[in-house]
There are 2 protein chains.
Amino acid sequence: MKAPIIRGAEHPFPCSMGVRREPMMRVGYPAILAAELFSDFPAEVELIALPDDLDHEIEIDVWIPDPYPTKAMRIWPRLRGVRLVLSLMAGTEWIPGTVGPRVTICNARGAHNISTAEWTVSAILATLKYFPFYLDVQRGGVWKRRFEASAQYARITGDARPLYPPVMLEELTGKRVLLVGYGAIGKEIERMLAPFDVKLVRVARSSRNEPTVHAISELDSLLPQAEIVILILPSTAESHHLIGGRQLALMRQGALLVNAARGPIVDTDALVAALNSGRIRAALDVTDPEPLPEGHPLWSYPNLLLTPHVAGSSPQFAPRSVKTAADELRRYLAGEPMHNVVQAAV
Amino acid sequence: MKAPIIRGAEHPFPCSMGVRREPMMRVGYPAILAAELFSDFPAEVELIALPDDLDHEIEIDVWIPDPYPTKAMRIWPRLRGVRLVLSLMAGTEWIPGTVGPRVTICNARGAHNISTAEWTVSAILATLKYFPFYLDVQRGGVWKRRFEASAQYARITGDARPLYPPVMLEELTGKRVLLVGYGAIGKEIERMLAPFDVKLVRVARSSRNEPTVHAISELDSLLPQAEIVILILPSTAESHHLIGGRQLALMRQGALLVNAARGPIVDTDALVAALNSGRIRAALDVTDPEPLPEGHPLWSYPNLLLTPHVAGSSPQFAPRSVKTAADELRRYLAGEPMHNVVQAAV
């Protein structure tokens, strides 16, 4: 396979210089990404490495933005001629407002699926196994503190039966799980939960069959049964504050809310109140606002496992998402329908 | 179904009293266990609740010891006539030495399988997702500290490539796993790892086919390939210090050693040295010595996730293990072969 031409933006062909534009399609990508990631790109494109501090205008046809929106948005005003944006991320909320309606936008659907689904299952298991508590025990170095876990179990779940031997952690097996969102990542989560024989109920924007997916309008009636509620749906005007005070009040004592999607899907003030009262527990990789500012109350709850939007990260991420972009570009060049269009150019 | 007779030890029929022994088989169990757990016991037995502070001799045929060996051993000198011990635990190391060779001993194989297998997968995922580090970030309340995870990844794994976006956690999917021990819990672990498409190599005392299980004699040659090594084999003279300095030195930089079995399978001094050097990481639910004394060096390593022998615990444990004992007792009464004999009476 012929390797694509890779050229640095330090040798640009800006449209304003009057140099005849080469017929080869020009694809700009963040220079910080290793060039070898692009060795599988179609040979008929010219790859232009765009430095973070690009200081002149540059003409490209296809833009692969930096995964960090703030960095990508800084470079956008220098770009000319962009017809297609190939995002390396699944979430592309910032892109339409930046590039406008005349540009086609594709996301890297799939690039975060495995890592995000793994984070979701990991966060559920870490919560049920009381790992935050046991990490304290480990750091304190007192073995017998394990017996404190029983009181924690009784307090969280409201199960006040005298259990012997003392309960020192919980099980995922057999739990009732409400999966809110049934796209690619939701399906991966379902696949990873399968060995735990969970009783899974699926919810998505609209109801479907085979497998049964309930409509989001049924959410309130489904919440009271669930022991674990997983949010893995897109952030839209419809899903804004989908989980508010009423929904949190419908959840069982000790139920676990997991947000691996986007912060604004949950009403933060209502969540803070629910965590503060000890009614539910939560695991969040995303927050609203994000980044969560220092001193925000969400940082402080022991019944919350909070990671700073890292679920999609993985050493395998860059190779996987660049490959997704390459496959999409190949379809674009061949005039075939692309798979991951999130905005078609008007 | 006729419920069994349940009687407290406060109305004993001690053999020394000359009272004619009833023909009904007498089963002693720890009074601290809720009586309703035994409602499914065979109707033809008489259940005797044995208090922790039993202060007189008592004649029973079958003994269900307290799950805590120290408590069980204190009561043993009061018991007379015991022919069968039905342990509620999978590990029964303390029992033969206490009750001698003239008593048949059955364990509760299966009662810990799910919880222990869940702990194993949870500990692996928590380690790969850097949850101990992120818990620090959470408690410190500084979002941008997530970028420190990249250096941690490079240091642990020795992967010094400049990776962008920065690596903030790892994946389980596709990892090479060496499963040392292939009994019931080992098989559960394999089942729970299946969705992660791990490359699993099995090792047990002797080699087998379908599926392929390697003999323990091949361990040293298999260790260098593994990214995760799971110990889930019985503690025996043969498995004592199975993992010592030589084996730890054979493991890859950054490989994860998981011990969900028994502490003495690993040479603690050698493990401390390996953790101290940063060569490997570990997740332990068991230690040697156990309980781990205050001030022991094992408490202090950030590349170790340590829980104080809680993996088998679960709110579902008591019902499950009592049911296992009931099933075994039913076979004993029917003169059928029992399933979980760990010592046959001589």
Side-chain angles (χ1 to χ4, degrees), chain A residues 30 32-34 67-68 114-115 118-119 121-122 125-126 128-129 131-132 134-135 137-139 141-146 149 153 159 161-173 191-192 194-196 291-292 294-296 299-300 305-311 313-318, chain B residues 30 32-34 67-68 114-115 118-119 121-122 125-126 128-129 131-132 134-135 137-139 141-146 149 153 159 161-173 191-192 194-196 291-292 294-296 299-300 305-311 313-318:
Chain A
I32 196 167
L33 286 178
Y68 290 97
I114 287 178
S115 47
E118 280 197 4
W119 179 92
V121 176
S122 304
L125 287 168
L128 295 178
K129 300 304 178 193
F131 281 165
Y134 284 114
L135 195 68
V137 172
Q138 178 179 352
R139 288 175 180 177
V142 180
W143 187 273
K144 66 171 185 259
R145 277 195 62 205
R146 62 186 185 157
Y153 168 75
D159 180 355
R161 294 174 300 161
L163 291 165
Y164 188 86
V167 171
M168 295 176 191
L169 22 87
E170 296 175 53
E171 275 181 21
L172 174 54
T173 294
R191 196 174 63 79
M192 291 180 188
F196 301 102
L292 198 65
E294 294 181 32
H296 193 284
W299 288 115
S300 64
L305 177 72
L306 174 62
T307 59
H309 205 148
V310 295
S313 172
S314 152
Q316 286 74 44
F317 166 76
Chain B
I32 196 168
L33 286 178
Y68 289 97
I114 287 177
S115 46
E118 279 196 4
W119 179 91
V121 177
S122 305
L125 286 169
L128 294 179
K129 300 305 179 193
F131 282 165
Y134 285 114
L135 195 68
V137 172
Q138 179 179 351
R139 289 176 179 174
V142 180
W143 187 272
K144 67 169 184 257
R145 278 195 62 205
R146 63 185 184 157
Y153 168 76
D159 180 353
R161 294 174 299 160
L163 291 164
Y164 187 85
V167 171
M168 295 176 190
L169 21 88
E170 296 174 51
E171 276 181 23
L172 173 54
T173 295
R191 197 175 61 78
M192 292 179 189
F196 301 101
L292 197 66
E294 293 180 33
H296 192 285
W299 288 116
S300 63
L305 177 73
L306 175 62
T307 60
H309 206 149
V310 295
S313 172
S314 153
Q316 286 74 46
F317 166 76

| remark: Rounded to the nearest 0.5 angstrom, the CH2-CH2 distance for B/Trp299 and A/Trp143 is 6.0 Å
| said: Whether the B/Glu170 and A/Ser314 side chains hold a donor-acceptor pair (N or O, under 3.5 Å, no angle test) is what I'd like checked. | reply: no
| query | What residue in B/Leu163, B/Asp159, B/Thr307, B/Val121 has the most heavy-atom pairs under 4.5 Å with chain A? | reply | B/Thr307
| task | First locate atom CH2 of B/Trp119, then atom CG of A/Leu169, and finally report the distance between them rounded to the nearest 0.5 Å. | result | 10.0 Å
| field | Under 4.5 Å from a heavy atom of chain B, the part of A/Leu292 involved | value | both
| note | Counting heavy-atom pairs under 4.5 angstrom with chain A, the leader among B/Arg191, B/Glu171, B/Arg146, B/Arg139 is B/Glu171
| note | Comparing A/Ala149, A/Ala126, A/Pro67, A/Pro30 against chain B, the one with the most heavy-atom pairs below 4.5 Å turns out to be A/Pro67
| query | Which one of A/Pro195, A/Ala34, A/Pro132 has the most heavy-atom pairs closer than 4.5 Å to chain B? | reply | A/Pro195
| For B/Leu172, is it the side chain, the backbone, both or neither that has a heavy atom under 4.5 Å from a heavy atom of chain A? | both
| request: Quick one: which of B/Ala311, B/Ser115, B/Ala194 has the most heavy-atom pairs under 4.5 Å with chain A, could you say? | output: B/Ser115
| said: Which atoms of B/Leu128 are under 4.5 Å from chain A, going by heavy atoms: the side chain, the backbone, both sets, or neither? | reply: neither
| note | Closest heavy-atom pair, A/Thr173 versus B/Ile114, reported as atoms and distance to 0.1 Å, is OG1-CG2, 3.3 Å
| request: Output the option from B/Pro308, B/Pro315, B/Ser313, B/Pro165 having the highest count of non-hydrogen pairs under 4.5 Å with chain A. | output: B/Pro308
| task | Find the distance between OH (B/Tyr164) and CZ (A/Phe317) and round it off to the nearest 0.5 Å. | result | 10.0 Å
| query | Atom CG of A/Leu306 and atom CG of B/Leu135: how far apart are they, to the nearest 0.5 Å? | reply | 9.5 Å
| Looking at B/Glu118, B/Glu294, B/Lys144, which one has more heavy-atom pairs under 4.5 Å with chain A than the rest? | B/Glu118
| Based on non-hydrogen pairs under 4.5 Å, which of B/Arg145, B/Gln138, B/Met168 is most in contact with chain A? | B/Gln138
| Which bit of B/His309 is near chain A, if near means a heavy-atom gap under 4.5 Å: side chain, backbone, both or neither? | both
